[in-house]
Protein chains: 2
Amino acid sequence: MPLTERPDRMDKKPTIEPKGRQQPRVKIEDVARKANVSPATVSRVLNHPEIVRPELRDKVMRHITDLSYTRDSAARALKSGRMRTIGVIVPTLALGIFAEGVEALQNRLSESGYTLFIANSQYDQRRELQELQSLIERGIDGIVLVGGSHGRELRALIEQAGVPVITTYVSKAVGGIPAIGIDNERATREMTEYLLRLGHVRFGAIANVVAASNDRSRARLEGIQRALSDAGLPLRPTQIIKADYSLAQGRSALRQLLTDHPDTTAVICTTDTLAIGAMAEARKIGVAVPATLSITGFDDVELAAQMDPPLTTVSVPAAEIGRGAADYLINAIAGSPLPRSVLLPYRLVMRSSTGPPRSSERPPRRRRSPG
Amino acid sequence: MPLTERPDRMDKKPTIEPKGRQQPRVKIEDVARKANVSPATVSRVLNHPEIVRPELRDKVMRHITDLSYTRDSAARALKSGRMRTIGVIVPTLALGIFAEGVEALQNRLSESGYTLFIANSQYDQRRELQELQSLIERGIDGIVLVGGSHGRELRALIEQAGVPVITTYVSKAVGGIPAIGIDNERATREMTEYLLRLGHVRFGAIANVVAASNDRSRARLEGIQRALSDAGLPLRPTQIIKADYSLAQGRSALRQLLTDHPDTTAVICTTDTLAIGAMAEARKIGVAVPATLSITGFDDVELAAQMDPPLTTVSVPAAEIGRGAADYLINAIAGSPLPRSVLLPYRLVMRSSTGPPRSSERPPRRRRSPG
DNA sequence: TTGTAGGCGTTATCAT
DNA sequence: ATGATAACGCCTACAA
């Protein structure tokens, strides 16, 4: 009789049952009894089928399915000391780039019999620490983090728990935590150099660096600054607008930038979301992209290619990062030797939101001088 | 000595350790010995502090923190039969609406000491079943699903496991599974009626109904069809374009729709992503929105309000759905009496992607007749 | 108020 | 090849 059929079932007592399962779970012993074998044999059928006589194995198997027995993972974990469980803490799932990475991570883990605990920190290091504590108490066998900005406490906690860890979306190991991801700083440096080659000299940057823990965007901003300094065009503070990760802030950031520096010809954003906001605002205030203003993003979200004009951006291999993190941890748990960190390639995707400045004081360096 | 410092530690044996934790975990017995009390007392300090003499309690507490003891959740779960763990299976995290719901779900669960297992089905019922199986083996105390299209097998599995379930983003219980969400059909019916009142008579629909399990979009499509039938303007098959959930398909769908029915004045999409794709395509082929063509979406994603023109859509309370699902399961686990289903309000958000048709054969019914 | 002891379900060791 | 048994760490009757 389906439990879910009637709100009030009147079989046993009407009092609430605050804990435990209702139907006593079928266990190995039940299967063993039905099959007239010992519990040990059932266990062997489950874990080492090859050492059980085929006919017996089949018989046991039949009873297993008959009773639809499933093993109790708690008991298993208690015995083996391993939970076959991985935890991930992302800043937020609202950013498609993290959602994509988590999805890939889960898919790969699932293939290997692992299950994924998820938590989010809202870019708050204290919350991240709490969530980690909870995950470690849960007995996770490995942990995936994002970025390299983590407190000493967090590292101590991980170390003490002896849990393999990897951090993602960045490429440099920090505090002994290996990383898998891209070189954010280099990517924006290249992007900036591309714009310099196009002839731009008046730049602006919109960076989501308000969260202390966002070292990805910080590195991206540094890449921009370094490229411009190297070109003798260092960014002044008013040319850098700090924002969070929302689209609306991309809009207001562009407005502010153009108020302070109306003659800006190129805006580099550390996130597609910000760039898309900036493009929306540019359209609204009648600034032509890319004729009057070039805009670049970072992440290459689905929408980037569909914008009008399509957004020039940096493609981040989020799915590959997720898969790589899964592989790393699975190997680490198995005790395999591991690379310290994995540097993944990004891709500069040149679309139509960028072009040469309308009137370049310092024309692009080409063979033929401009007519 | 940090484990992570050197790849090769030479303290014990150089062979790999395929299983188990390295450092033997500190357990209740260790604390008990240090504190000169029985293991039972330590356990009581942990679980029922009020029944332990304060001074003794404090002493034990000190040793607990000193040894930084954490309880073994596997053993705990084995004893109590409860894991304090909830599972969720979404079609994909790539859709912001699901990511948002999962995030809210996790936040609420975390407040109550629960941890969230996440899995994704890719809109595939077989995969959903597999993931569910794995979650149930993990001993989850509750499960969150999306939508009402689930196979008999899945329902049987849940019932047999005796695990509380709730399905989300829909409002009607199916097969005994309670739901929390909105009335999708009613929402698009209202949206369609709104367009009818504006004077539209030539409609098109773009619906992501290729996945068999997507009953949300199916209901939304039915809402459109019903409203139009009621108005004596039933949709012909060629006026309905079926798509998946990608932005690119929104583009191609609009192209196809306008090829077959160039005189269409209103397009209703079952997803913002599709609507945004349709708007992008409209702009590209020079169709003015809303002057020539009205477009509506569904979900109210962040970008919807930022489009040019801002997108008329239906706002789905994803965060509220996530929180509500968490509350429902927490109560269900505690044995509290529960409502069968929860109907949440949606909100029609009228923005500027909709307007009256340019030349309405059948003018809007107003007091003053059109000039 | 605190201690003793048994068992939760599984699996590995040892014996047959 | 299969069976008996002990132990994983914790919790809770029950005893003191």
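In what follows, every heavy atom counts, from backbone to side chain, and hydrogens, waters and symmetry copies are set aside.
Look at A:Arg76 and you won't find any side-chain N or O under 4.0 angstrom from OP1 or OP2 of C:dG9. In this model, the phosphate group of C:dT4 is not approached by any side-chain N or O of B:Ser38 to a distance below 4.0 Å at OP1 or OP2. Side-chain N/O atoms of B:Asn47 include one lying less than 4.0 angstrom from OP1 or OP2 on D:dC11. Using a 4.0 Å cut-off, some side-chain N or O of B:His48 falls inside it from OP1 or OP2 of D:dT12. Contact between the side-chain N/O atoms of A:Arg53 and the OP1/OP2 oxygens of D:dT2 is found at a separation under 4.0 Å.
A:Ser43 comes within 4.0 angstrom of a nucleotide base, judged by non-hydrogen atoms across all strands. Contact annotation for B:Leu56: backbone-only contact, meaning every heavy-atom pair under 4.0 Å involves sugar-phosphate atoms and none involves a base.
Counting to the nearest Å, the C1' atom of D:dT2 and the CZ atom of A:Arg33 are 18 Å from each other. Whole-Å rounding puts the A:Lys27 NZ to C:dT11 C1' distance at 15 Å. Between the C1' atom of D:dA1 and the CD atom of A:Glu55 lies a distance of 11 Å, rounded to the nearest Å. C:dC8 atom P lies 18 Å from atom CE of B:Met83, rounded to whole Å. Atom CD of B:Glu29 and atom P of C:dG3 are 14 Å apart (whole Å). Across the protein-nucleic acid pair, A:Arg82 atom CZ and C:dT10 atom P stand 18 Å apart, rounded to whole Å. Rounded to a whole Å, the OH atom of B:Tyr69 is 10 Å from the P atom of D:dG9. Between the C1' atom of D:dC10 and the CD1 atom of B:Ile64 lies a distance of 13 Å, rounded to the nearest Å.
Mapped onto DNA chain C by nearest heavy atom, B:Ile51 and B:Leu78 fall at different nucleotides, with B:Ile51 at the one closer to the 5' end. Both B:Val37 and B:Lys79 sit near DNA chain C, but only B:Val37 has its closest nucleotide nearer the 5' end.
Relative to the side chain of B:Arg44, the nucleotides D:dA13, C:dT10, C:dT1 differ in distance, and D:dA13 lies closest. Checked against C:dT4, D:dG9, D:dC11, the side chain of B:Ile28 finds its nearest nucleotide in D:dC11. Closest contact between the side chain of A:Asp72 and the listed nucleotides C:dG7, C:dG3, C:dT10 involves C:dT10.
For A:Ser112 (side chain) and A:Tyr114 (main-chain N/O), no donor-acceptor pair under 3.5 Å exists by modelled atom type. Side-chain atoms of B:Thr167 come within 3.5 Å of backbone N or O of B:Gly147 as a donor-acceptor pair. Side chain of B:Arg25 to main chain of A:Ala161: no donor-acceptor pair is present (N/O by atom type, distance under 3.5 Å, no hydrogens or angles).
Distance CD/B:Gln125 to CD/B:Gln130: 12.5 Å, rounded to 0.5 Å.
A salt bridge is defined here as a Lys NZ or Arg NE, NH1 or NH2 lying under 4.0 Å from an Asp or Glu carboxylate O, and A:Asp327 with A:Arg108 meets this definition.
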